[in-house]
Amino acid sequence: MCGRKRCCRLKDIKPGRRARIRCHHARGAVRQRLLDLGFVPETEIEVIRRAPFGDPIECCVANYKVALRNSEAGLIEVESD
């Protein structure tokens, strides 16, 4: 826990919920790809929906939608209410 906000991984956020990116645990090319897509610290993000088997997830970040694999979403730490 960090204050009143709940810290968790992006893959654990339920569809329809918003969160703020806290940090990344990705390295190398994956980290650079996430940063290029706009997954930077302090950015608001909303999980739109999950695929039928839960992978990938669709997120709205910086006014566009992007799909992420659960393995990538698990590398992003977020804060949610």
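We use all heavy atoms of the structure for the numbers below, so side chains are in, but hydrogens, waters and symmetry mates are not.
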Exercise for review: Take E44 and R18 through the side-chain contact (heavy atoms from CB on, under 4.5 Å) test and state the conclusion after the steps.
Suggested key: CA-CA 7 Å; E44 289 271 337; R18 292 182 160 271; 4.0 Å; yes

Practice item. Determine yes or no for a side-chain-to-main-chain donor-acceptor pair under 3.5 angstrom, with R20 supplying the side chain and E42 the backbone. Key: yes

Point to revise | Check: I57 main-chain N/O paired with N70 side-chain donor or acceptor under 3.5 Å | key: no

Check your understanding: Between R33 and E72, is a side-chain contact (heavy atoms from CB on, under 4.5 Å) present by the stated rule, with each step listed?
Key -> CA-CA 10 Å; R33 179 177 175 267; E72 295 168 330; 2.8 Å; yes

Point to revise | pair L34-L68: side-chain heavy atoms closer than 4.5 Å | key: yes

Point to revise | Reported NZ-to-CZ distance for the pair K11 and R50, which is rounded to 0.5 angstrom | key: 9.5 Å

Review point. Do you know which two heavy atoms are closest between V66 and F39, and how far apart they sit?
Key: CG1-CZ, 3.5 Å

Practice item. Looking only at non-hydrogen atoms, find the nearest pair between L10 and V47 and report the distance. Key: CD1-CG2, 3.9 Å

Check your understanding: To the nearest 0.5 Å, how far apart are SG in C60 and NZ in K65?
Key -> 6.5 Å

Check your understanding: Which pair of heavy atoms, one from A26 and one from L75, lies closest together, and at what distance?
Key -> CB-CD1, 3.8 Å

**Study point:** Over all atoms of both residues, closest heavy-atom pair of I45 and I21
**Key:** CG2-CG1, 4.3 Å

Review point. Closest heavy-atom contact between P15 and I48?
Key: CB-O, 3.6 Å

Review point. Does any N or O in the side chain of R9 come within less than 3.5 Å of the main-chain N or O of G74, such that one atom is a donor and the other an acceptor?
Key: yes

Exercise for review: Say whether H24 and E77, considering side chains only, have a donor N or O and an acceptor N or O under 3.5 Å apart.
Suggested key: no

Study note, to complete from the structure: Of all heavy-atom pairs linking G38 and V61, the shortest is O-CG2, 3.5 Å

Practice item. Supply the atom-to-atom distance I13 CD1 to C59 SG, rounded to the nearest 0.5 angstrom. Key: 9.5 Å

